[in-house]
Amino acid sequence: MSSYKVLGLFSRSFSLDSATIPTDVQEVLKEYAENGHVGAEKLQRFLVEVQGEAQATKSDAEHFIDLQLRESKLLPKLHSQGLSLDAFLHYLLNPLLNAPYNRVVHHDMTKPLSHYYIYTGHNSYLTGNQLSSDCSEKPIISALLRGVRVIELDLWPDSNEENIHVLHGRTLTAPVELLKCIEAIKDHAFVASEFPVVITLEDHLTPSLQSLAAKIITRTLGSILYFPEETESFKEFPSPQSLKRRIIISTKPPKEYLSGKSQKVSESTYEKDATQEEPWGDDLPSYSKQIDSHTKDPPSTVPPEPDYEESDLDSGTEVPEHEHPTYKQLIMIHAGKPRGGALKDALAVGGEEVKRVSLSEPQLEKLAKEYPLELIRFTKRNILRIYPYGLRLNSSNYNPLVAWSHGAQMVALNMQVQQN
């Protein structure tokens, strides 16, 4: 059964018959359908023999069938024979599961991770706006099916501080449990690509909940989780090729959160800058006006914005490192974020170990104007992540070209606007 919208108001449905099926598709169905269905073995043969996907396995075919049935709102357990005629036709036209290009990557993927642009989502769990929408695992699944390789989760204690919620902190967003998000990532991480998925954690947890997070992550992901050796440190990141079908954790090590809380960040009154809400569309806008307006402040400051990103724990008590080693050992890519006026200092490249630094949209604009060479030098070995301005409450996006042209590998974009 197929459907279409009439005037964008209501749906009409119709059934397909043999007269409406293209001749070449009818020939395929004669060859690969059995009792009116295309099963996993037949679909694998179709992928290899007709579409030239030599590396396709039966497991891949089973996964595609499962996802197509779910997308068609059919229960896989009730359709064990495989794809019906309608479902197979929908699969052929599905831009996510059967994209009109060869999925085989022909680039050299043996260089360090820092040498590649990485498809990155921002607040991956939100279903809509940044202020009051629901949190769910469904946007995470949608993003992974589109090929997104970096998923962001904000971790907060529940009201009893006994469980872990994923939500946009200090807003009206309704939470989703961490376990649901991790299970969704495990089940869909490698449908669109075999290359690694990075989970960036914005950690607002107590040490005991950090331990709980470590248990949830390790037990759910199992062997596909990249678990660094206790003494392992990287002078350069591993390659995407060496990390195929692995999931990586990136966040601040717990000790940094705890020791950094001695200086509280005061809340300010924020004024909305109308220029930040201009969408970038067919004509890419000039950033000169935005940069100039931001740099009217003293050189060591940036426009004030809500600091929801990577904020520290609310407790000022330092906890010995040995009380939460398991959580710390999960972290492959150590992350940080500049505080106060230390923007240029965040780009220092003197240390041997590589790292990830997160900058907001206005911080990037300022540094791109004042210290462009330092930005580029930093991204040669390290990873730079850019996230949207805090007042983009409607989940709008910024012009990513400024970030890409200065070497930023993780340019985090709101995916919510792509699914609404």
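Just so it is clear, the values below take in all heavy atoms, side chains as well, and ignore hydrogens, waters and symmetry mates.
Side chains of Ser396 and Asn394: a donor on one and an acceptor on the other come within 3.5 Å. Residues Thr57 and Ser59 bring no donor and acceptor atom of their side chains to less than 3.5 Å of each other.
The pair Glu361-Arg392 meets the salt-bridge criterion, since a charged nitrogen lies less than 4.0 angstrom from a carboxylate oxygen. The pair Glu152-Arg385 meets the salt-bridge criterion, since a charged nitrogen lies less than 4.0 angstrom from a carboxylate oxygen.
Side-chain atoms of Phe237 and Ile333, non-hydrogen and from C-beta on, do get closer than 4.5 Å to each other. You'll find the side chain of Thr200 stays beyond 4.5 Å of the side chain of Thr251, heavy atoms only. Counting only heavy atoms from C-beta outward, the side chains of His406 and Pro372 approach each other to under 4.5 Å. Residues Leu92 and Val25 meet the side-chain proximity criterion, which asks for heavy atoms closer than 4.5 Å. Taking the side chain as every heavy atom from C-beta outward, Tyr398 and Tyr389 never approach each other to under 4.5 Å. The shortest side-chain heavy-atom distance between Pro338 and Leu359 falls under the 4.5 Å cut-off. Between Val354 and Ile383 there is no side-chain heavy-atom pair separated by less than 4.5 Å. Residues Thr173 and Leu126 are in side-chain contact: their nearest non-hydrogen atoms beyond the backbone lie under 4.5 Å apart.
Lys244 meets the salt bridge (charged side-chain N to carboxylate O under 4.0 Å, His left out) test with Glu194; sequence neighbours excluded. In terms of the side-chain hydrogen bond (donor to acceptor under 3.5 Å, both in side chains) criterion, Thr379 has no residue partners (sequence neighbours excluded). Residues forming a ring-ring contact (aromatic ring centres under 6.0 Å, His included) with Tyr116 (at least two apart in sequence, or on another chain): none. Annotation: side-chain hydrogen bond (donor to acceptor under 3.5 Å, both in side chains) contacts of Asn94 (sequence neighbours excluded): Gln68, Glu71. Thr120 meets the side-chain hydrogen bond (donor to acceptor under 3.5 Å, both in side chains) test with no other residue; sequence neighbours excluded. Contacts of Glu162 classified as salt bridge (charged side-chain N to carboxylate O under 4.0 Å, His left out), with partners at least two apart in sequence or in another chain: none. With sequence neighbours left out, the side chain to side chain contact (heavy atoms under 4.5 Å, CB included) criterion links Thr110 to Asp108, Gln241. For Ser132, the side chain to side chain contact (heavy atoms under 4.5 Å, CB included) partners are Asn129, Leu172, not counting sequence neighbours. For Ser250, the side-chain hydrogen bond (donor to acceptor under 3.5 Å, both in side chains) criterion is met by Arg356, not counting sequence neighbours. Under the ring-ring contact (aromatic ring centres under 6.0 Å, His included) criterion, Phe378 pairs with no residue, sequence neighbours left out. Glu353 meets the salt bridge (charged side-chain N to carboxylate O under 4.0 Å, His left out) test with no other residue; sequence neighbours excluded.
Panel note: side chain Ser142, backbone Lys138; no donor-acceptor pair is recorded below 3.5 Å. Judged by distance alone, with hydrogens and angles left aside, the side-chain atoms of Arg149 form a donor-acceptor pair with the main-chain N or O of Ala189 at under 3.5 Å. Looking only at distances, no side-chain donor or acceptor of Ser242 sits under 3.5 Å from a matching main-chain atom of Pro238. Side chain of Tyr327 to main chain of Pro254: no donor-acceptor pair is present (N/O by atom type, distance under 3.5 Å, no hydrogens or angles). A donor-acceptor pair under 3.5 Å links the side-chain atoms of Ser114 to the main chain of Arg381, judged by distance alone. A donor-acceptor distance shorter than 3.5 angstrom exists from the side chain of Gln409 to the backbone of Asn382, with no hydrogens or angles considered. Side chain of Asn98 to backbone of Leu93: no donor-acceptor contact under 3.5 angstrom is found. The closest donor-acceptor contact from the side chain of Asp158 to the backbone of Ile164 lies at 3.5 Å or more, if one exists at all. In this structure a side-chain-to-backbone donor-acceptor pair under 3.5 Å is missing from Thr220 to Ile217. A donor-acceptor pair is defined here as one N or O able to donate and one able to accept, closer than 3.5 Å; such a pair exists between the side chain of Ser395 and the backbone of Gly128.
Shown here for Val411 and Ala403, the closest heavy-atom pair between the two residues is CG2-CB, 3.6 Å. Of all heavy-atom pairs between Ala174 and Asp134, the closest is CB-OD1, 3.5 Å. Closest approach of Lys252 and Ala335 over heavy atoms only: CG-O, 3.0 Å. Residues Asn123 and Gln130 approach most closely at ND2-OE1, 2.7 Å, considering heavy atoms. Residues Ala412 and Pro388 approach most closely at O-CD, 3.6 Å, considering heavy atoms. In terms of heavy atoms, Phe190 sits closest to Phe195 at CE2-O, 3.5 Å.
Ring planes of His204 and Trp156: parallel class, angle under 30° (limits at 30 and 60°). Ring pair Tyr91/Phe64 is tilted by interplanar angle, where 30° to 60° counts as tilted. Ring geometry for His122 against His168 counts as perpendicular: the plane angle is over 60°, on a 0 to 90° scale with 30° as the lower cut.
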Exercise for the section: For Arg45 and Glu41, run salt bridge (Lys or Arg N to Asp or Glu O under 4.0 Å): C-alpha distance rounded to whole Å, both residues' side-chain angles, the deciding distance at 0.1 Å, then the answer. Expected result: CA-CA 6 Å; Arg45 280 187 52 209; Glu41 291 185 5; over 6 Å; no
Exercise for the section: Show your reasoning for whether side-chain contact (heavy atoms from CB on, under 4.5 Å) applies to Ile247 and Tyr226. Expected result: CA-CA 6 Å; Ile247 294 178; Tyr226 184 90; over 6 Å; no
Exercise for the section: Let me see the working for Asp154 and Leu167 under side-chain contact (heavy atoms from CB on, under 4.5 Å), right down to the final yes or no. Expected result: CA-CA 6 Å; Asp154 286 11; Leu167 74 156; over 6 Å; no
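Rounded to the nearest 0.5 angstrom, Arg245 CZ and Leu243 CG are separated by 13.5 Å. Atom CG of residue Leu364 and atom OG of residue Ser358 lie 12.0 Å apart, to the nearest 0.5 angstrom. Note that CG of Leu367 is 5.0 Å distant from CG of Leu343, once rounded to the nearest 0.5 Å. Between Leu83 atom CG and Leu89 atom CG the span is 10.0 Å, to the nearest 0.5 Å. Taking CD1 of Ile182 as the reference point, atom CD1 of Ile151 lies at 10.0 Å (rounded to 0.5 Å).
Among pairs with a residue in residues 178-189, none fulfils salt bridge (Lys or Arg N to Asp or Glu O under 4.0 Å), at least two apart in sequence or across chains.
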